Each structure stands twice: as C-alpha cells, then as structure tokens.
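In what follows, a single structure is set out as structure tokens and then discussed.
Naming convention: chains lettered A, B, ... in sequence-line order (proteins, then strands); numbering from 1 in each chain. Quick caveat, the model's predicted, so the values are computed rather than measured.
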Amino acid sequence: MAAIWSPIMASKAESSPALWNDWHVISQVRAGQKGSSTTRLMDVPLTITWNGSVDSIEVHDDRGNGIRSTCKYGFLWACLGEPAREIVEIPECEDQGRLLVPVGAVGLATSGFRAIENFLDLGHLAFIHSGFLGQEPYTEVRRHKVETTADGVCASEVKIYQPYASPSASGAIDVDFDYYVPRPDVIYLRKTNPVHNDKRDVVALFVQMTSEEHCIAHMLCAYLPEGLEVRGMREFSQIILSQDKTILENQIPKRLPLRETSEISSRADAASVAYRRWLSASGVRYGVIPAQ
Amino acid sequence: MTYQLSEWFAVARSDDAVPRHIVQTQLLGQELALWRDDDGAVNVWENRCPHRGARFSIGYNLGMELRCQYHAWRYATGSGRCSAIPAHPAMKPPATIAAKPYASAEKYGLIWVCLDSDADLAGLPKLPGDVWTGMRSVFVNSPAAALRRELGADTAQVVYFLQPVDEARTIIHCLVAGAPAAAARLTLQRRYNAELTALRDRLEQAS
C-alpha cells in the first residue's frame with residue numbers, strides 16, 4: 001500500500017489564524033475544583049486537570065502537549081496556537097459591585113457563528129422571545145448605528161420595547177442597547193437596567209466551538225444587584241437560551257454562509273451583514289462557508 | 001443510481017398534507033416542506049427560509065401563507081413570494097424575495113415533485129385507472145436501486161413508487177388498485193405493511 005504523504009494538521013482551524021491564535025472559553029471555573037475533565041476546542045480533544053486553585057489548572061491536548069490556559073471572568077480560556085492578543089476586556093464583567101453570574105452553558109448543534117449572529121439579531125426578539133425580550137405588535141427594528149472597526153462590530157443606539165427585559169423587570173420598558181462583537185466568538189451587550197434607567201446591565205456570550213458544526217454557548221451576566229437573585233437570573237437566561245436553541249438547530253446550512261447571495265438580508269440585518277463581512281475580512285474559514 | 005432531472009417522484013401521500021400542517025421530507029438529498037393551503041392546493045418548497053436558513057417545517061401554515069418561525073417573514077402560497085417582513089411593517093417586500101417552490105402535482109392519492117425548473121406534467125407516471133388506494137409508506141435504510149430489484153415488477157393490482165431520500169435511504173410508497181371497502185382495505189394494509197416491513201428488515205440486516 002502506498003504511503004500517504006499529507007501534512008498532519010491537528011485541526012482545520014489552524015488555517016484560520018484569527019481563531020487559532022486567539023483565546024477561547026473551554027470551561028466555567030468553580031472554586032476548589034479537583035480532578036480532571038475533558039472537552040474539545042475546534043476539533044482538538046482537551047483534558048483539563050483541576051488542582052484546587054485557579055493558578056494550577058493544566059490543559060493538555062490528546063497528544064499530551066501542554067496547552068496555554070488562563071482564568072478570566074470566572075471561565076477557563078485556552079489558546080491552541082500563539083496568542084496574538086489578550087483576552088477581550090469587558091470591565092463590567094470584573095466589577096465586584098455587580099452580580100457576576102455564569103448563567104448557563106448550552107450545547108448547540110450548529111456553528112458557533114450562527115449562535116453569535118443570533119445574539120446580535122434584533123428581528124427575532126418579538127417572536128422567539130415573545131413576552132420576554134419583545135412582543136407583537138412591536139416588531140419593527142428601528143434605525144440604529146452599525147460600525148465595523150479593526151476591533152470588531154458594534155451596533156449602537158438600538159431601542160427595543162421589552163415586556164420583561166430582565167429578571168428584575170416589573171413591567172415593560174423601552175430598552176436601550178449597545179452590542180459589541182470584539183472577537184469572532186465573543187459578543188456582549190449593554191442594556192438599560194430596569195430599576196436604574198440611567199445605568200446599564202451587561203450580558204456576554206462566550207462561544208466555545210467544539211467543531212465546525214457544534215458549539216457550547218457560555219453566558220455570563222454582570223447585572224446591578226438590586227432586585228435580583230442568582231437562581232432567578234439562571235432561570236431567566238436558560239428560558240431565553242432554550243428558545244434560541246430550537247431555531248439554531250434548525251438553520252440550514254449549519255456553517256455560517258459568508259457569500260452575500262446565499263441568504264437574503266433586510267435593513268434590520270445590518271449588524272448581521274457587518275459581522276459576516278468582518279469574519280470574511282478577518283480570514284475566518286472555519287465554521288463558515290467562505291465567500292470564495 | 002442516477003436519475004433524470006425531469007423525473008417525477010412521489011414524496012408523500014395526499015392525506016399526509018392535512019390542513020394547516022407542514023410536512024417535512026427529503027428527495028435526493030434536498031429537504032422539502034410540503035403544505036396544503038386553505039383552498040386545497042399543495043405547495044412543495046425547499047425547506048429553508050431564504051432569509052436566515054431556518055427550516056420552514058418548524059414554522060406555521062397560516063392557510064394562504066407560510067410563516068417562518070425565526071423572524072415571522074411570510075410567504076404566499078403558489079408563487080412563494082415574500083408577503084411580509086415584520087421588522088419593517090411599512091415596507092412592501094421586494095419581489096425578489098421568495099421561497100423556492102418546486103413543481104408539484106397530486107395524483108393517485110400521492111403528492112408528486114419534480115426538481116427540474118422546466119418540469120413537465122406529461123412526465124407523471126401513468127397508471128391504468130385513476131382510483132388507487134395508498135398503503136402505509138415505509139422508510140428503509142437502503143438505496144432505491146436495491147429496493148427496486150427486490151420489489152420486482154409492478155402489476156395491475158399493486159404498484160410501488162420509490163422516493164430516494166438520499167443515496168442510502170428510500171421511502172416506499174405502495175398503491176393498490178381501486179377503492180376497496182373498509183374491511184378489505186384493512187386486510188390489504190396489514191398484508192402490505194407486513195410484506196414491506198419484512199423486506200426492510202431483510203435489507204437492513206444484510207447491510
């Protein structure tokens with residue numbers, strides 16, 4: 001039998017430096033955790049060894065190579081290549097005056113980029129999250145700003161009528177939003193706090209791409225503490241995540257199509273279109289159907 | 001096995017498409033959404049909203065429109081043209097936005113589809129007589145060619161139409177001539193259900 005000469009690549013993601021040389025969440029961190037656990041990042045099987053303190057966690061791939069890892073925001077982050085930049089900065093997620101709660105991790109049978117795009121999507125709120133984050137007949141997506149810079153995509157001056165915007169809401173309010181996508185698999189938003197209308201709550205989604213068509217979405221809430229309890233925050237977020245899961249697992253194709261003609265967009269999809277273009281421009285070829 | 005693009009395939013029994021329901025099925029790897037409008041006409045569409053790719057089969061059949069679950073865009077029976085985008089309530093959707101309908105027909109108690117954009121109804125299979133009774137359709141993890149060999153030639157009393165789901169899976173649609181009364185029909189349904197189930201078991205165990 002002829003020998004097969006092909007370069008051995010641990011993962012197809014190696015050809016997307018914007019992903020390979022960046023940090024990604026691979027687990028939540030629990031205080032005092034011991035023992036080992038396994039997970040996967042971009043097709044690479046990983047073993048995490050927990051030694052009781054956040055400073056002594058070790059991560060190895062399936063060939064026994066040590067993998068760079070560090071803790072931030074209550075999560076364990078790993079970089080499979082050479083880190084080209086720091087983990088994204090979200091000041092509210094380190095503000096000890098807030099309730100910082102990892103509200104849930106949901107496995108999704110789709111590309112992680114579909115999950116990020118769903119978080120960024122305004123048009124579905126009145127339907128998929130009806131009674132919570134939107135409500136008919138308030139279905140119009142009002143004009144807002146969308147900007148793309150080297151730091152990612154930002155959608156700002158977004159206003160949405162929300163019947164039950166967060167677990168501390170006592171009635172419907174018009175909520176002001178700003179969305180930020182600073183990394184291909186990281187998104188967070190700042191939104192009006194229902195009690196203090198001049199202050200903002202933060203919700204972040206860190207997506208762990210286990211393969212091109214599977215991911216784990218880790219959600220972190222950094223809320224002002226008034227009127228909140230951790231249990232209520234978890235229940236609220238898990239309802240929202242489960243509503244999105246149904247949609248996300250029924251999108252065809254699973255990998256995000258970057259060619260602009262493959263899916264039709266309207267003005268309400270400006271942020272989604274900007275996100276797809278930015279992924280293309282960043283050279284991301286994993287978890288997507290490239291434009292070319 | 002290769003197929004002509006112009007070929008018509010049975011993809012469901014007529015009574016599968018009940019009012020206000022959406023049937024999900026697949027033909028030659030292409031996912032389909034079948035739905036009957038309130039006037040009785042059947043639509044067979046690509047099972048994918050052109051906006052963000054959500055399966056139509058998890059949406060709603062509103063009677064004369066189909067509503068996507070994700071953003072509630074609505075599409076008209078027949079043409080598939082988008083009739084409403086709730087994110088822009090004041091805007092009339094551009095004519096270019098449409099679901100993808102395939103040519104379809106109802107005959108012999110079955111729903112037929114042709115994936116060719118130049119589909120010709122003359123290509124529909126012709127059976128002696130118009131009245132046939134559908135038996136239970138059976139899903140088999142086996143290629144259509146293997147099933148055709150096993151089923152043998154059709155007769156004046158019973159015919160089999162094969163729906164190649166993809167290269168490895170097939171749905172057998174079985175028709176029996178005439179419209180037998182309830183008791184006789186039940187006897188026939190039991191007989192063909194047993195025969196096709198036995199065939200499935202034999203083929204799946206052999207593979």
Counting only heavy atoms closer than 4.5 Å, note whether [X] contacts chain B via side chain, backbone, both or neither.
X      : answer
A:R142 : neither
A:D244 : neither
A:P253 : both
A:E136 : side chain

**Message:** Pair B:N47, B:S57 - check side chain to side chain donor-acceptor pair (under 3.5 Å), show working.
**Reply:** CA-CA 7 Å; B:N47 190 20; B:S57 54; 3.0 Å; yes
**Prompt:** Regarding A:T110 and A:E249, is there a side-chain donor-to-acceptor distance under 3.5 Å anywhere?
**Reply:** no
**Asked** Which answer fits B:R52, side chain, backbone, both or neither, if we ask what part of it has an atom under 4.5 Å from a heavy atom of chain A?
**Response**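 For B:R52, heavy atoms of backbone and side chain both lie under 4.5 Å from chain A.
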**Asked** Side chain, backbone, both or neither: which part of B:I58 has an atom under 4.5 Å from a heavy atom of chain A?
**Response**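 Only the side chain of B:I58 comes within 4.5 Å of chain A.
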**Prompt:** Which pair of heavy atoms, one from A:V175 and one from A:T192, lies closest together, and at what distance?
**Reply:**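 Closest approach of A:V175 to A:T192: CG1-N, 3.7 Å.
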**Fill in**
Note: B:P50 and B:Y75 closest approach over all heavy atoms is CD-OH, 3.4 Å
**Fill in**
Only one of A:H144, A:R190, A:K145, A:R200 passes side-chain hydrogen bond (donor to acceptor under 3.5 Å, both in side chains) with A:D178, and that residue is A:R200
**Message:** So which residue, B:M91, B:Q69, B:H51, ends up with the most heavy-atom pairs under 4.5 Å with chain A?
**Reply:** B:H51
**Message:** Which label fits A:Y179 and A:F119: parallel for a plane angle under 30°, tilted from 30 to 60°, or perpendicular past 60°?
**Reply:**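 Aromatic pair A:Y179/A:F119 classed perpendicular.
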